[in-house]
Amino acid sequence: MIIDGRVHLGEGLFGQRQTVTDLLERMDRLQIDRAILTPLRPQHYHLASENERVADAVRNRPDRFLGVCRVDPWQGADAVTELRRSVRDLGLRGVYLNPWEENFPINDEIVHPVVREAARLGVPVLINAGQVRVSHPTQVADLARQFPEVRFIAANGGNLNISGMLLSEARAMLDACPNVVIETSGTYREDFLEEVMAEVGPDRVVFASGTPYYDQEFEMERVRCAHLGEQEKMAMWSGTLRQLYQWD
Amino acid sequence: MSRQEIIDSHTHVDKVGWFDPPETIIRLLDEAKVDRAIIMTYVDAPGRTSDALEYIAESCARYPDRLIGYARMNPGYGQQAIDMFEHAIRHYGMKGLKLHPVSYLQHPASPQTVAIVQKAAELNTPVLFHCGDEELSLPLQIARLAELVPDARIILGHCGGYFHTKDAIRVAQRHANIYLETSAMPYPAMIRQAVESIGAHRVLYASDGPGCDPTIEVRKVRLAGLSPDEEHQLFFENIDSLLRLAGRKEAQP
């Protein structure tokens, strides 16, 4: 089974867009069985209706989709309320934080109420990681260490640096924080994913394309071409995600 | 020709840093069915090791049909670096200059960089830059060098990285001596956009292997939706033309 661990829906403020119809068509062509959906930041700036859009998609195709809400920690108590509503009323099963687009350092105290609520609800926290000023792997680790009971998923392999100079920090984050896994999305470099699987653990890397930021078809190649055994690849394709989101 | 020939324009071999002997890249090139690759060290010369250029020369000698050498230099050593670079071209048969400003901490348009790049232009060798999202390696910064040394053929490795691909395309539109290289950056659509904006003749396939897998990097180019002729230009023709000129004084651009 293949699960795409991060797919964004909607019409984004920053020019990206993706509809359920386009997505399902492509998933069928690429033989992706399921996807974890979360909103793009919309042009109208309001995340609540976008969380509802994700919930609708899940309601229509529960066999293919699981939903994760998106909240903006700058909204304070309203962000916590929206997370609770999304999980309890809309049936979403995680929370996505994008510190770059919502403009907050991921280890800032404003994030704590949201993470505490995720802990109460028992859902994982998906982070757009690797942005140097707001979600550097040291900052993600700083947050994750304070909430050892919460499971965190760091997008972009936990780092965005085409020199490879952040790989050691992404590795240090994984070594220090057993509650963090990384996504394959956009990673520099592929042998880092192989290293993490071998040396940190086979349950620490999950497939995610991050479409439409990244190309879903191309992102699959990172797992397909990895120099790993079949069992390890199955963990990357879906096993670890199913366990993280308790998705049978 | 039964199969499209492929040259990988940017890979690494070194005994320090990320330890990658030539056998590592050869194995990945075989898997990817890539015929030849340009190799360079992770360290600059002069620098951490006294024989970085010799290690590249020896690797190329061990696999003469597969590997082509570039000299990765630190322009901060002034005339010494220029002399070592010229020696590598004339006596080790190397074909190009690699510069990684984040490694040696100089602006790409610094006087010492201009001097060594002028030597590269004189020797007709391409200059491959690390070009990503970090200070000293931004496309608009490297463009200033392209303006100062219009005879140099300057390749923007990684095409601007994660966040500066559009800037890389912009500066290539403005400067005819800038080439774009596809390695590591994660967007097949940007390859197509580059070809549409500046033409297929100035875009080069590369992997940045062995860290980045040449098989995956070849696939990225194939997903860009280019014509067979355009693909052939990216995979082979463009870098082949640049390499044929290297070291030949008579053929100025």
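Order of the sequence lines sets the chain letters (A, B, ...), proteins ahead of strands, with each chain counted from 1. All heavy atoms count here, side chains included; hydrogens, waters and symmetry mates do not.
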The reported gap from CE in M190(B) to CG in D215(A) (rounded to nearest 0.5 angstrom) is 12.0 Å
Quick one: of A184(B), C212(B), G132(B), who has the most non-hydrogen atom pairs under 4.5 Å with chain A?
C212(B)
Testing the basics here: between C225(A) and D213(B), what is the closest heavy-atom pair and its distance to 0.1 Å?
O-OD2, 3.8 Å
With rounding to the nearest 0.5 Å, note down the distance linking CG in D191(A) to CG in L28(B).
8.5 Å
Go through the atoms of Q131(A) and report whether side chain, backbone, both or neither lie under 4.5 Å from a heavy atom of chain B.
side chain
Proximal component of Y213(A), with respect to chain B [non-hydrogen, under 4.5 Å]
backbone
Please classify the contact of E194(A) with chain B as side chain, backbone, both or neither, using a heavy-atom distance under 4.5 Å.
neither
Would you mind telling me which of M185(B), R222(B), K220(B), H100(B) has the largest number of heavy-atom pairs within less than 4.5 Å of chain A?
K220(B)
Heavy-atom distance under 4.5 Å between the side chains of R189(A) and D208(B), does that happen here?
no
Between H158(B) and Y188(A), what is the ring plane arrangement, given parallel below 30°, perpendicular above 60°, and tilted in between?
perpendicular
From OG (S207(B)) to CD (E190(A)), nearest 0.5 Å
9.0 Å
Might you work through the side chain to side chain contact (heavy atoms under 4.5 Å, CB included) test for H130(B) and I162(A), ending with a clear yes or no?
CA-CA 9 Å; H130(B) 170 84; I162(A) 216 129; 3.6 Å; yes
Give a yes or no on this: more than 12 heavy atoms of other residues, nucleotides or ligands lie within 6.0 Å of atom NZ of K166(B).
no
At their closest point, which heavy atom of G164(A) faces which heavy atom of W18(B), and how far apart are they?
O-CZ2, 3.7 Å
Taking everything shown except F14(A) itself, do over 12 heavy atoms lie less than 6.0 Å from its CZ?
yes
Which answer fits T187(A), side chain, backbone, both or neither, if we ask what part of it has an atom under 4.5 Å from a heavy atom of chain B?
backbone
H227(A) and R27(B): CA distance, side-chain angles, deciding distance, side chain to side chain contact (heavy atoms under 4.5 Å, CB included) verdict
CA-CA 12 Å; H227(A) 300 83; R27(B) 177 174 56 80; 4.2 Å; yes
Contact part of R224(A) toward chain B, heavy-atom cut-off under 4.5 Å: side chain, backbone, both or neither?
neither
Output the distance between atom CZ (R222(A)) and atom CZ (R219(B)), rounded to the nearest 0.5 Å.
13.0 Å
Check each atom of L223(B) against the heavy atoms of chain A and say whether the ones under 4.5 Å are side chain, backbone, both or neither.
side chain
What part of N156(A) is in contact with chain B, defined as an atom under 4.5 angstrom from a non-hydrogen atom: side chain, backbone, both or neither?
neither
Please determine, among G211(B), P188(B), P186(B), the option with the most heavy-atom pairs under 4.5 Å with chain A.
G211(B)
Is there side-chain contact between F218(A) and I216(B), with at least one heavy-atom pair below 4.5 Å?
yes
Check whether more than 12 heavy atoms from other residues, nucleotides or ligands sit under 6.0 Å from atom CZ of R133(A), and answer yes or no.
no
